[in-house]
A.B. asks: 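Let me begin by handing over the structure; questions about it come next.
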Amino acid sequence: MTMVDIGRLISLIFIGGGLLWLFISGLKGKEVDRRIIFLFIFLSVATPILFPITFGEKATPVVKAVFDKVESLPEGSRVLISFDFDPAMAPEVQPMANAITRHSLTKGHKVIFMSLFATGQALLTQSLRKVVGEEFPELEECKDYVNVGFKAGNEGVLNVIVTDFKKMFPTDVNNVPYDSIEVFDGIKSCKDIDLIVSIGGGMPGVKEWVLFVGDPGNVPVAAGVAAVVAPQMYPYYPEQILGILGGVKGAAEYESELIKNYPHFAEMDTPALRMMGPQTLAHMVIMIFIVIGNVLFFVSRRKRRGK
Amino acid sequence: MKREIPLLITFIVGVVLIVSVFVPPTETLGEDFSVFFDIIAVFAFFLGGGNLVQSHFSKARKRQTDWGYSIVTLVGFVAMLTIGLFKLGNPGGISAPPTAEGSLFQEIFDFVIMPLSATMYSLLAFFVASASYRAFRAKNREATILLVAAFIILLGRTPFGMLVTGWIPESFDILQIPNMAIWIMNSPNLAGQRAIMIGIGLGVVSMSLRIILGIERTYLGGDD
Amino acid sequence: MHVGKSTSLYLPQLFFLFLFICNFLLLSLVYAQTDDPLLNSEDSSVAIPDSELVVVAPVTSLIAEDYKYDDGKQINLSWVPSIDDQLVGSKVLGYRLFRIIDDGKPELLAKLRCGANSYSDGKLKSESVYSYYLEAFSKNFIATSTRTVPISPEREWINFDRKYLFLLAFIIGGAVIFFIESARRGKKLFVRKIAGLEAVDEAIGRATEMGRPILFIPGILDMNDVQTLAGITILGRVSQQIANYDTKIRMPVSRSLVMTAARETIKAAYQTAGRPDQYSDDMVNYVTDEQFGYVAAVDGIMVREKPATVFLMGAFFAESLILAETGNSVGAIQIAGTARPAQLPFFIAACDFTLIGEELFAASAYLSGEPKQLGSLKGQDVGKGIAMAAILIGVLAETIGTAWNVEFMNDVVRWLTILFTTQ
Amino acid sequence: MEHVALWIAAFLTLGIYSFLYKDNIWYKLCESIFVGISAGYWFVVLFWDNIYGKFWVGVFPPKAYNDAGELVNSAEPDYLLIVGAVLGVMMISRLIPKIGWVSRWPLAFIVGSTSGLYLINYFTSNMMRQVEATIIPLFGMNYELSAYDIIGNLVIVIGTFTGLVYFFFSKEHKGWFGRTAKIGIWTIMITFGASFGYTVMSRMSLLIGRIDFLFGDWLGLIK
């Protein structure tokens with residue numbers, strides 16, 4: 001048993017024991033102070049981060065659809081990944097962007113990176129440095145992938161690039177002119193792109209991509225969104241959006257699918273799978289608190305009726 | 001008069017914008033007006049920013065409770081304005097965008113505003129738990145429905161949903177919790193969302209008309 | 001009458017203005033140094049190596065059409081691609097589209113990929129005449145198509161694509177105005193009770209009894225959002241009540257324009273209540289435009305001033321629950337309302353009363369109690385009736401139509417779909 | 001520099017979290033820093049974006065030159081923007097009490113344009129589009145629909161319909177009407193419960209991000 005195992009055991013016993021104790025005092029009709037709830041939430045999140053706990057994930061059809069699309073495109077296909085999120089959303093959706101980037105580059109697709117969020121550009125650079133720079137050092141910028149960065153104008157940008165990509169992005173971020181970028185060979189507009197992946201759940205985001213590019217240009221759009229907005233995206237699936245990665249769970253499913261098909265990814269960073277540990281534990285804790293709350297309610301109602 | 005003219009302006013602008021939707025040559029008017037709004041908003045900031053300076057300034061001068069914090073706010077505000085407007089510490093000089101990478105202005109954003117913002121946002125994790133503990137109790141039929149729906153979805157978001165109901169045979173797989181969760185999201189959830197949205201659409205029409213017609217005029221102040 | 005205020009109070013603001021003017025001067029400096037990178041990039045042409053000539057056929061049936069229902073700015077082009085443009089092993093490498101304005105020199109408009117068969121040319125002038133031709137090119141051969149007949153984009157005055165939108169908006173808007181008018185003429189109109197709004201009086205009374213302030217949060221968006229407008233109109237009603245009870249109102253806002261509007265609103269309410277002397281600008285203060293910075297400050301105000309009643313009326317995003325939970329923890333009665341479906345669950349969970357979507361927009365009319373305002377709510381119901389009827393008829397017709405292939409039912413569906421389709 | 005920034009970020013993060021226990025000096029300090037700096041930040045960004053980027057560049061568009069130094073076509077100045085600036089200046093007139101009432105004009109302009117713009121916008125996107133989306137066949141002969149889909153469609157139609165009944169203002173919720181409205185409010189409650197439950201995950205992610213930062217980037221406890 002390593003130190004990690006011991007730490008994990010102690011914290012789990014503490015969380016479990018504490019909840020049991022709260023449950024029993026709930027039976028006696030004692031309300032839980034909200035600060036105690038806060039403490040348990042902190043513990044349930046911090047423990048799996050310090051002492052990794054992972055749960056197996058199986059890809060659901062909505063996620064599998066995105067994976068299969070990337071998998072089935074012929075080598076050299078053009079994939080556009082748009083980083084439509086800000087730092088606040090990043091922890092949830094950046095792992096998806098990274099996973100899809102990894103997958104596309106492994107398959108030999110040529111990837112165009114862009115962002116509709118001003119603050120997304122920095123996150124994009126960060127992802128490029130981390131994923132492309134470290135894991136795919138042999139790839140050349142402009143030849144195998146290109147970063148055109150952020151353009152202000154929200155859906156206005158999309159409205160233009162659906163007919164003319166160069167008009168909005170005359171150069172990439174390093175001021176390399178459009179026409180000398182190999183990735184853009186033969187690409188006039190978004191209609192010439194084989195797959196568009198929009199990551200992010202805000203405004204502008206997936207909805208705008210679908211309405212302004214996907215539908216009018218008849219381009220397949222895949223989405224990666226924060227869990228909050230995912231339900232609002234389901235009505236578009238599968239006609240207008242071919243697949244949806246919803247929240248960390250979606251990302252984790254994608255990562256596990258990636259590992260299943262390309263075992264060497266197991267050694268690489270799988271942040272979403274790692275994140276599902278604290279998620280699962282925190283969800284359990286919340287559910288137990290809901291149970292305790294209801295126990296309390298029925299106990300106190302019986303007491304009142306007793307009187 | 002001081003009240004009639006603004007009411008007239010509201011009426012004319014409102015009607016023109018509604019009509020412009022049907023008249024192609026004026027179609028871009030809405031966009032033009034949004035740009036006007038952006039410009040007005042910056043001018044209005046003199047009132048807002050001025051109010052910020054003024055209230056903290058007077059708080060500090062009168063030594064009211066917590067006046068020290070007012071000084072911190074003031075210093076932060078003025079420093080940020082000076083750095084940003086005059087582009088101090090910006091490698092690109094005066095013609096570079098203020099938020100250029102590596103500029104002092106952007107660095108303060110990254111190192112101060114970003115962690116603060118992300119942390120404030122993350123407080124939600126705690127509040128979601130305390131709110132669900134308090135609110136999801138089977139007090140009456142509506143609350144019970146709320147509770148059950150939330151509980152199923154929560155279970156569906158963990159591997160435990162599959163663990164508890166994975167034994168259910170294929171032909172009844174809708175009863176497996178993850179599938180049930182998706183079904184709830186796509187059917188009753190969608191229905192509720194739609195009813196709310198249609199209502200909102202009509203509510204906006206009615207309120208906008210009240211405003212344009214000058215029936216709703218509280219925002220315009222009195223006749224002084 | 002204006003309450004006299006010394007100009008010295010405005011000193012910080014004047015200083016601010018000075019800063020602004022200084023900065024405006026700076027603009028010219030910046031301006032001198034920037035140029036437009038868009039126009040400076042050179043167009044690189046395709047290099048043609050020497051080898052065997054690859055002859056290709058030009059495109060056919062090139063047609064230029066005016067785009068209907070616009071301001072005379074767009075021409076749509078369509079054509080049949082060259083027969084040598086094939087999916088695999090295509091001889092054609094791409095197309096070059098040229099445009100001729102008013103018999104001028106042809107200019108390269110765009111380079112298009114193989115398989116392209118349409119293009120829309122926007123931002124044109126209706127005074128000019130345009131014609132187009134396409135070049136299909138192989139690696140060393142160029143095939144030029146015929147020129148299109150010169151046309152100019154036409155300016156249309158009425159967008160007939162939107163006639164059904166006009167019809168529906170006219171009926172529902174007309175219903176709203178009709179009921180407002182009939183209420184004005186004295187017709188009695190019934191409006192059911194809305195729980196959240198019935199509680200407003202009591203909530204304000206409670207704050208008065210406890211001697212604690214009332215906190216009013218109009219959401220975090222600016223005046224260009226309709227939910228903020230709804231919040232401000234509600235503020236109008238609420239602050240009248242507050243002025244009557246002589247309770248304290250506290251209103252931190254995150255937008256300067258909202259601050260201005262809110263001040264006007266509260267001031268008017270105090271005047272109506274006959275207590276203009278009780279009003280002060282300090283009731284409303286600007287905090288910051290930053291979403292969570294504003295939330296941090298409001299949370300601080302909540303725990304320090306312990307308001308008895310909190311109103312959350314407007315556009316809320318993630319902060320909804322942070323504000324509502326903090327308000328709940330200080331024991332305030334909370335009445336919330338928003339039209340953002342994603343945030344409603346949190347208000348339902350953490351607040352005492354919640355106005356759901358439409359109720360937010362109806363609130364001010366309801367609270368005013370004026371017949372003509374209530375009349376507008378009746379008009380809304382006509383809209384709901386239309387929506388419900390359309391759904392009922394549409395679903396039945398579509399079900400019967402698809403299940404038993406009844407042509408008449410399919411027509412009904414087609415007609416309804418056209419009616420409700422937006423362009 | 002990196003190191004100092006890390007410590008500042010950690011200090012601010014913990015300061016905000018201390019609020020969960022109770023209001024204290026540390027939180028107040030973080031709050032006041034946050035308010036001051038962010039207010040300044042947004043003003044600067046809005047100033048450069050709108051006053052410079054939209055107004056100034058719009059009225060005095062930059063001239064573009066080609067490599068030979070000749071003037072090539074530059075954008076035409078948009079003098080309409082000056083109206084916006086005039087309205088903006090009217091807004092500031094509040095600073096001078098005597099003519100302060102002029103500031104109501106831009107306010108009236110904004111309120112009018114917001115109402116006009118949203119009236120049609122919301123009407124099309126919220127009302128018309130949603131009604132159109134709800135016109136669906138419950139079942140069909142020509143294509144396969146599973147029993148779940150049929151039940152789902154039925155639920156969507158009934159839920160939307162009864163939900164609208166709930167929002168009706170002109171009739172008291174009594175009798176059959178009340179019972180129909182009841183089904184509507186139940187549907188809406190399922191909607192709320194479901195969205196709430198669904199959101200928990202993304203909220204937790206945010207906390208995970210911060211704890212990752214504290215334990216990983218700052219304390220270096222995570223490898």
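Numbers restart at 1 for each chain; the letters A, B, ... are given by sequence-line order, proteins then strands.
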A.B. asks: With a 4.5 Å cut-off on heavy-atom pairs, point out which of B:Ile198, B:Val148, B:Val205 contacts chain D the most.
C.D. replies: B:Ile198

A.B. asks: Tell me, for D:Ile185 versus chain B, whether the close heavy atoms (under 4.5 Å) come from the side chain, the backbone, both or neither.
C.D. replies: side chain

A.B. asks: Show the numbers, then the answer: is there a side-chain contact (heavy atoms from CB on, under 4.5 Å) between B:Phe77 and D:Ile37?
C.D. replies: CA-CA 5 Å; B:Phe77 182 63; D:Ile37 290 189; over 6 Å; no

A.B. asks: Return the option, out of D:Leu80, D:Ile33, D:Val165, D:Ile208, with the maximum number of heavy-atom pairs under 4.5 Å with chain B.
C.D. replies: D:Leu80

A.B. asks: Taking all non-hydrogen atoms of both residues into account, name the closest pair between B:Ala131 and D:Phe196 and its distance.
C.D. replies: CB-CZ, 4.3 Å

A.B. asks: With heavy-atom distances below 4.5 Å as the criterion, would you say the side chains of B:Gln193 and D:Ser195 are in contact?
C.D. replies: yes

A.B. asks: Among D:Ala5, D:Gly36, D:Gly209, D:Gly53, single out the residue with the greatest number of heavy-atom pairs under 4.5 Å to chain B.
C.D. replies: D:Gly36

A.B. asks: Which value, rounded to the nearest 0.5 Å, describes the distance between B:Leu202 atom CG and D:Leu164 atom CG?
C.D. replies: 8.0 Å

A.B. asks: Answer yes or no: is there a side-chain heavy-atom contact under 4.5 Å between B:Phe36 and D:Pro106?
C.D. replies: no

A.B. asks: I'd like to know which of B:Ile200, B:Ile113, B:Val19 tops the heavy-atom pair count under 4.5 Å against chain D.
C.D. replies: B:Ile113

A.B. asks: Quick one: does B:Ser122's side chain have a donor or acceptor within less than 3.5 Å of a partner on D:Leu206's backbone?
C.D. replies: no

A.B. asks: Which heavy atom of B:Ser187 sits nearest a heavy atom of D:Gly152, and at what distance?
C.D. replies: OG-CA, 3.3 Å

A.B. asks: If the plane angle is over 60° it's perpendicular, under 30° parallel, otherwise tilted; pick one for D:Tyr41 and B:Phe109.
C.D. replies: parallel

A.B. asks: Just so I know, are the side chains of D:Phe43 and B:Leu85 near enough to count as touching, which here means a heavy-atom distance under 4.5 Å?
C.D. replies: yes

A.B. asks: Can you tell me which of D:Leu117, D:Ile188, D:Leu14 forms the most heavy-atom pairs within a distance under 4.5 Å of chain B?
C.D. replies: D:Leu117

A.B. asks: Counting only non-hydrogen atoms closer than 4.5 Å, does B:Ile184 touch chain D with its backbone (N, CA, C, O), its side chain (CB onward), both, or neither?
C.D. replies: side chain

A.B. asks: So which part of D:Tyr27 gets closer than 4.5 Å to some heavy atom of chain B, the side chain, the backbone, both or neither?
C.D. replies: side chain

A.B. asks: Name the option with the most non-hydrogen atom pairs under 4.5 Å to chain D; the candidates are B:Tyr69, B:Trp183, B:Phe111.
C.D. replies: B:Tyr69

A.B. asks: Looking at D:Thr187, D:Val157, D:Ile158, D:Val102, which has the largest count of heavy-atom pairs under 4.5 Å with chain B?
C.D. replies: D:Thr187

A.B. asks: Is D:Ile25 in contact with chain B via its backbone, its side chain, both, or neither, using a 4.5 Å heavy-atom distance?
C.D. replies: both

A.B. asks: Name the region of D:Met204, side chain, backbone, both or neither, that has any atom closer than 4.5 Å to a heavy atom of chain B.
C.D. replies: both

A.B. asks: Specify which of B:Ser70, B:Gly68, B:Ala125, B:Ala129 makes the most heavy-atom pairs with chain D at under 4.5 Å.
C.D. replies: B:Ala125

A.B. asks: Is any side-chain heavy atom of D:Lys28 closer than 4.5 Å to one of B:Asp66?
C.D. replies: yes

A.B. asks: Do D:Tyr17 and B:Phe126 pass the side-chain contact (heavy atoms from CB on, under 4.5 Å) test, and can you show the C-alpha distance, the side-chain angles, and the key distance before you say yes or no?
C.D. replies: CA-CA 10 Å; D:Tyr17 282 143; B:Phe126 300 102; 3.9 Å; yes

A.B. asks: So, taking the atom named CZ in D:Phe123 and the one named OG in B:Ser208, what distance separates them when rounded to the nearest 0.5 Å?
C.D. replies: 12.0 Å

A.B. asks: Just give me the residue among B:Thr99, B:Asp38, B:Leu7, B:Ile18 that pairs up with chain D most often, heavy atom to heavy atom, under 4.5 Å.
C.D. replies: B:Asp38

A.B. asks: Measure the spacing between CH2 of D:Trp105 and CD1 of B:Ile9 and express it to the nearest 0.5 Å.
C.D. replies: 5.5 Å

A.B. asks: Quick check on the interface: out of B:Ser34, B:Ala191, B:Gly192, who has the most heavy-atom pairs with chain D under 4.5 Å?
C.D. replies: B:Ala191

A.B. asks: Donor-acceptor check, side chain of D:Thr13 to backbone of B:Thr119, threshold 3.5 angstrom: yes or no?
C.D. replies: no

A.B. asks: Give the member of D:Gly88, D:Gly100, D:Ser205, D:Ser113 that has the highest number of heavy-atom pairs under 4.5 Å with chain B.
C.D. replies: D:Gly88

A.B. asks: Under a 4.5 Å cut-off applied to non-hydrogen side-chain atoms, are B:Phe105 and D:Val45 in contact?
C.D. replies: yes

A.B. asks: Below 4.5 Å from any heavy atom of chain B, which atoms of D:Leu29 appear? Answer side chain, backbone, both or neither.
C.D. replies: both

A.B. asks: What part of D:Ala133 lies closer than 4.5 angstrom to a heavy atom of chain B: side chain, backbone, both or neither?
C.D. replies: both

A.B. asks: What is the minimum heavy-atom distance between D:Ala194 and B:Ala149, and which atoms define it?
C.D. replies: N-CB, 4.0 Å

A.B. asks: Is there a side-chain contact (heavy atoms from CB on, under 4.5 Å) between B:Val204 and D:Asn126 once you walk through the steps?
C.D. replies: CA-CA 10 Å; B:Val204 171; D:Asn126 275 30; over 6 Å; no

A.B. asks: Here's a test for you: under side-chain contact (heavy atoms from CB on, under 4.5 Å), which of B:Ile211, B:Ile212, B:Val13 qualifies with D:Val111?
C.D. replies: B:Ile211

A.B. asks: If you take all heavy atoms of D:Leu46 and B:Val42, which pair is closest and at what distance?
C.D. replies: O-CG2, 3.7 Å

A.B. asks: Does the side chain of B:Leu116 reach to within under 4.5 Å of the side chain of D:Cys30, using non-hydrogen atoms?
C.D. replies: yes

A.B. asks: Quick one: do B:Leu47 and D:Leu95 satisfy side-chain contact (heavy atoms from CB on, under 4.5 Å)? Show the steps, please.
C.D. replies: CA-CA 8 Å; B:Leu47 307 170; D:Leu95 289 176; 4.0 Å; yes

A.B. asks: Relative to chain B, which segment of D:Val89 carries a heavy atom at a distance below 4.5 Å: side chain, backbone, both, or neither?
C.D. replies: both

A.B. asks: Please flag which part of D:Lys54 lies under 4.5 Å from any non-hydrogen atom of chain B: side chain, backbone, both or neither.
C.D. replies: side chain

A.B. asks: So which heavy atom on B:Ile39 is nearest to which on D:Asn50, and how close?
C.D. replies: CG1-O, 4.4 Å

A.B. asks: Measuring from atom CD of D:Glu31 to atom CE of B:Met120, what distance do you get when rounded to the nearest 0.5 angstrom?
C.D. replies: 8.5 Å

A.B. asks: Determine whether the aromatic ring centres of B:Phe37 and D:Phe109 lie less than 6.0 Å apart.
C.D. replies: no

A.B. asks: Let me know if B:Ser206 has heavy atoms under 4.5 Å from chain D in its side chain, its backbone, both or neither.
C.D. replies: neither

A.B. asks: Under 4.5 Å heavy-atom distance to chain B, tell me which part of D:Phe192 shows up: side chain, backbone, both or neither.
C.D. replies: both

A.B. asks: Might you point out which heavy atoms bring B:Met80 and D:Val44 nearest each other, and give the distance in Å?
C.D. replies: O-CG2, 3.9 Å

A.B. asks: If you round to the nearest 0.5 Å, how far is OG of D:Ser103 from CD1 of B:Ile40?
C.D. replies: 11.5 Å

A.B. asks: Rounded to the nearest 0.5 Å, how far does CG of D:Leu81 lie from CG of B:Asp32?
C.D. replies: 7.5 Å

A.B. asks: Does B:Phe11, at its CZ atom, have more than 12 non-hydrogen atoms belonging to other residues, nucleotides or ligands within less than 6.0 Å?
C.D. replies: no

A.B. asks: Using a cut-off of under 4.5 Å on heavy-atom pairs, state which of D:Phe167, D:Tyr166, D:Phe11, D:Tyr122 scores highest against chain B.
C.D. replies: D:Tyr122

A.B. asks: Looking at side-chain heavy atoms only, is the closest gap between B:Arg141 and D:Trp186 below 4.5 Å?
C.D. replies: yes

A.B. asks: Heavy-atom distance under 4.5 Å to chain B: side chain of D:Leu20, backbone, both or neither?
C.D. replies: side chain

